[in-house]
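The structure under discussion appears below in the form of structure tokens.
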Amino acid sequence: MAGDDEILVTDKTTLDSTSPLYMHPSESAGYMLVSVAFDGTSYRSWRRGILRALSVKNKVGFITGKCKKPEPISATLDQWERYDDMVTSWILNSLSKDLVDSLQYVNDARELWYELEDMYDQTNGARLYQFQKEINDSSQGNLDITGYYTKMKKLWEKLNTLNIHAKCACKRTCGAKENMHKDEQDRRLIQFLIGLNKVYTVVRGSILMMNPLLTIAWAFSILIQEEKQREVKPITHFLMDSATLNANGP
């Protein structure tokens, strides 16, 4: 009877598409999780793409340890090992050839993942300095409000990924955590406003006078409205001048 029970468990796991051990017929060891292979740079961006792809496939547990290796007597051991090899192959396929050559002999997907974490997931002081300086030196220039805002958001996101270990990780409600988040948002708002072109001096001053300070999204909305009004005014002025010329014509 015990043998029959084990067969039933194996069949159920195979058919259950919500199980990490479910293998879709279209999946193969040659699959690449992200479109651009990791070559040793921009690790956090690559890491995020890998985690998202594995999450979609319900396979994150293989690298986090949540999907544990079954006991040797388990009927699902062979199935687990096949899929662990599959996930390992997917990650290796998403690396440049030079990196693959140095990581071929890891035992499983979890070991491979933590090997990459140890090698590349380190906060780099030079990169922190580079991104912070780029943020401080940024200005609107020839960009419209949306383009400038998008540019700043990308820089903030890059800086944020480098600072991820410095965040408060407490699980309970933490007032300090909320205050830190508000302080960070206020700093970003100031950085954004500093780089605006001179034509927005008046509206910038109005935003800075508000207490408490607006969110960046709200300030962005106000600036977009101001930008649209500035686009309408020259057209209106041109139409008025044309009407005047026509009235004074022969």
Side-chain angles (χ1 to χ4, degrees), residues 41-53 55-56 60 64 117 120-241:
T41 60
S42 301
Y43 174 74
R44 292 288 178 81
S45 296
W46 176 86
R47 179 182 186 273
R48 181 180 300 173
I50 294 292
L51 289 174
R52 184 180 293 116
S55 176
V56 169
V60 176
T64 63
E117 294 276 87
Y120 298 104
D121 192 23
Q122 303 294 328
T123 299
N124 186 305
R127 293 175 67 198
L128 278 171
Y129 174 83
Q130 174 190 346
F131 288 138
Q132 188 62 66
K133 187 175 187 304
E134 192 171 351
I135 289 171
N136 293 342
D137 294 344
S138 291
S139 59
Q140 182 183 353
N142 295 326
L143 298 172
D144 59 14
I145 292 295
T146 300
Y148 173 50
Y149 179 67
T150 302
K151 172 186 174 182
M152 294 298 290
K153 284 206 69 173
K154 287 180 178 178
L155 289 171
W156 289 327
E157 185 60 29
K158 288 180 179 180
L159 187 65
N160 192 52
T161 56
L162 287 177
N163 282 328
I164 192 169
H165 294 307
K167 291 182 178 179
C168 176
C170 55
K171 296 181 180 179
R172 59 184 174 81
T173 302
C174 179
K177 185 175 182 178
E178 294 178 0
N179 291 336
M180 288 173 61
H181 177 72
K182 182 62 169 65
D183 290 344
E184 181 181 0
Q185 293 305 303
D186 288 349
R187 282 195 299 271
R188 290 183 177 185
L189 174 63
I190 299 301
Q191 290 167 346
F192 178 67
L193 294 176
I194 286 174
L196 289 171
N197 290 341
K198 289 184 178 180
V199 295
Y200 296 103
T201 299
V202 175
V203 68
R204 173 172 55 198
S206 299
I207 293 172
L208 289 172
M209 289 294 291
M210 297 181 184
N211 188 21
L213 285 174
L214 301 178
T215 63
I216 302 173
W218 198 348
F220 170 72
S221 176
I222 292 174
L223 287 162
I224 283 291
Q225 293 178 35
E226 176 70 14
E227 182 180 59
K228 289 180 178 178
Q229 290 177 4
R230 289 183 173 278
E231 290 173 353
V232 170
K233 286 179 181 178
I235 297 174
T236 304
H237 181 70
F238 174 77
L239 292 174
M240 290 176 64
D241 287 347

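No experiment lies behind these values; they were computed from the predicted model shown.
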Starting at [atom1] of [X], measure out to [atom2] of [Y] and round the result to the nearest 0.5 Å.
| X | Y | atom1 | atom2 | answer |
| --- | --- | --- | --- | --- |
| Glu157 | Ser45 | CD | OG | 8.0 Å |
| Leu155 | Asn136 | CG | CG | 10.5 Å |
| Arg204 | Ile190 | CZ | CD1 | 10.0 Å |

Item checked: ring pair (Phe, Tyr, Trp, His ring centres under 6.0 Å) involving Tyr200 - partner list, sequence neighbours excluded -> none

Notebook entry, point to check: With sequence neighbours excluded, what pairs up with Gln225 under the side chain to side chain donor-acceptor pair (under 3.5 Å) test?
Noted result: none

Are [X] and [Y] close enough that some pair of their side-chain heavy atoms sits under 4.5 Å apart?
| X | Y | answer |
| --- | --- | --- |
| Met152 | Gln140 | no |
| Tyr148 | Asn197 | no |
| Ile50 | Arg47 | no |

Item checked: salt bridge (Lys or Arg N to Asp or Glu O under 4.0 Å) contacts touching residues 136-151 (sequence neighbours left out) -> Lys133-Asp137

Note to self: Suppose the criterion is salt bridge (Lys or Arg N to Asp or Glu O under 4.0 Å): which pairs have a residue in residues 187-202, not counting sequence neighbours?
What the structure shows: Glu184-Arg188

Using atom types as modelled, flag every donor-acceptor pair under 3.5 Å from a side chain in residues 207-221 to any protein atom, sequence neighbours excluded.
unit_1, atom_1, unit_2, atom_2, d
Thr215, OG1, Trp218, N, 3.2

Next item on the list: Could you go through the side chain to side chain contact (heavy atoms under 4.5 Å, CB included) check for Leu223 and Phe192 one step at a time?
Entry: CA-CA 11 Å; Leu223 287 162; Phe192 178 67; 3.4 Å; yes

Item checked: Under 3.5 Å donor-acceptor, Ser55 side chain and Leu51 backbone -> no

Note to self: Pair Arg230, Glu226 - check salt bridge (charged side-chain N to carboxylate O under 4.0 Å, His left out), show working.
What the structure shows: CA-CA 6 Å; Arg230 289 183 173 278; Glu226 176 70 14; 3.2 Å; yes

